[in-house]
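I have placed the structure first, in the form of structure tokens, so that the comments after it can refer back to it.
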Protein chains: 2
Amino acid sequence: MAILDTALSECSRVGLGGLSIGNLARLLDMSKSGLFAHFDSKENLQLQVLQNGRDRFVVRVLAPALQAPRGIPRLEALFEHWLEWADSPFLQGGCIFASTSTELAAQPGALRDCLLSAQRDWLGTIAEMARAARREEHFHEELDPEQFAWEFHSMTLAYHYFSRLIRDPEAQSRARNSFQNLIRASRA
Amino acid sequence: MAILDTALSECSRVGLGGLSIGNLARLLDMSKSGLFAHFDSKENLQLQVLQNGRDRFVVRVLAPALQAPRGIPRLEALFEHWLEWADSPFLQGGCIFASTSTELAAQPGALRDCLLSAQRDWLGTIAEMARAARREEHFHEELDPEQFAWEFHSMTLAYHYFSRLIRDPEAQSRARNSFQNLIRASRA
DNA sequence: CCTACCGATCGGTAGG
DNA sequence: CCTACCGATCGGTAGG
């Protein structure tokens with residue numbers, strides 16, 4: 001849906017709270033109430049924006065990574081597809097999950113609950129892939145899958161920060177260095 | 001100044017954009033225009049809030065770390081004091097630099113410039129301490145100080161995320177694990 | 001520091 | 001989908 005795609009892109013720039021119905025209507029060349037009629041409340045619009053982000057994330061990051069063989073190759077594919085996702089032109093401000101996770105961290109409600117469940121899924125997926133890599137004997141036996149997910153995720157947060165705030169031209173190679181260090185330390 | 005301390009705490013929760021003069025006045029039991037008279041504009045208030053954060057950061061994190069001996073001990077002290085900072089009761093929503101860095105990433109202006117210079121200083125300080133650790137021969141010769149700062153900082157971002165959004169009770173020990181992995185890999 | 005006010009914008013509604 | 005409107009709140013000002 002065109003409305004949700006525009007809203008997703010806008011939210012990645014200004015956050016969920018920074019999105020206003022009036023401004024979004026202007027971007028879409030619609031009247032405010034015409035746009036509002038599609039949603040029952042602003043919160044519902046924001047929830048659908050988050051859900052749109054989840055759907056796209058599955059298509060752009062998760063599904064392609066699952067094409068790669070289990071173990072290290074799959075984890076490498078996951079990381080590379082995440083980097084592409086973070087630079088997607090349809091996300092003007094980068095990964096919406098990265099940008100909204102600080103915004104919603106201290107704001108209880110349905111939006112926070114939605115983001116939290118998405119993030120728990122994501123962390124669980126990384127940990128499960130690390131567990132598979134251990135089973136395949138790509139990773140050593142003592143590897144802690146949850147700690148692996150923690151460190152994997154910290155690299156994505158850092159990439160968002162260095163590419164978007166610092167605008168470090170080396171952000172990508174730094175992220176890849178970090179990731180390769182993690183893989184090296186995890187290897188059997 | 002009491003106004004700036006209340007504003008700092010509030011901003012850590014709701015972000016710089018989420019701060020409103022009317023709401024802040026209510027928290028301080030003042031009239032809106034009485035509070036406004038202390039600042040010439042909302043942006044100036046926000047800038048002073050950020051500056052207040054920088055001042056407190058120096059006192060709480062940087063200065064105490066410089067008491068520790070150069071090299072690995074100083075870097076360990078820096079990390080531990082950062083963890084204490086992130087849990088400070090006067091920062092209701094955690095580290096303001098972590099919470100505002102996503103908010104300001106895509107919003108050009110004086111606020112972004114102020115945060116950016118603070119963050120460049122911070123990253124430069126970490127890199128310089130890593131360079132000193134290399135000189136002291138605590139770290140191996142090939143260590144890249146900028147990459148070290150990148151990874152150090154990514155751990156602080158991850159701690160903010162896991163403790164504030166995920167509310168992972170193990171956030172602290174996970175962060176310390178990450179940090180010790182980094183130190184181990186950097187050792188001479 | 002205050003009261004009283006400004007125009008603009010907010011989310012949302014009535015009625016079509 | 002629209003026009004026209006609601007009360008509340010926004011940043012900011014006048015005048016004291």
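Letters A, B, ... mirror the listed sequences (proteins, then strands); counts begin at 1.
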So what does A/L19 hit on the nucleic acid, given a heavy-atom distance under 4.0 Å: a base, only sugar-phosphate, or nothing? sugar-phosphate
Under 3.5 Å, is there a donor-acceptor pair between the side chain of B/S20 and the main chain of B/N23? yes
Taking Watson-Crick (N1-N3 plus N6-O4 or O6-N4) and G-U wobble (N1-O2, O6-N3), each under 3.5 Å, can you produce the dot-bracket string of DNA chain C? Use [ ] for crossing pairs and | for inter-strand ones. ||||||||||||||||
Suppose we call two aromatic rings close when their centres sit under 6.0 Å apart. Are B/F97 and B/W122 close by that rule? no
Tell me, do A/M30 and A/I3 make a side-chain contact under 4.5 Å, heavy atoms counted? yes
Test your reading of the model: is there a side-chain donor-acceptor pair from A/H138 to the backbone of A/I72, 3.5 Å cut-off? yes
Treating B/Q147 as the side-chain partner and A/R174 as the backbone partner, does any N or O pair qualify as donor plus acceptor under 3.5 Å? yes
Between A/F162 and B/L157, is any pair of side-chain heavy atoms under 4.5 Å apart? no
Extract, from 5' to 3' on DNA chain C, the first and final nucleotides lying under 4.0 angstrom from some heavy atom of chain A. C/dC10 to C/dT13
If each of B/I21 and A/H38 is mapped to the nucleotide of DNA chain D with the nearest heavy atom, which maps nearer the 5' terminus, i.e. the 5' end? A/H38
Just call it for B/S20: base, sugar-phosphate, or nothing, with non-hydrogen atoms closer than 4.0 Å on any strand. sugar-phosphate
Centroid-to-centroid, B/W82 to B/F152, below 6.0 Å? no
Less than 3.5 Å apart, any donor N or O on the side chain of B/R184 or B/Q180 sitting next to an acceptor on the other? no
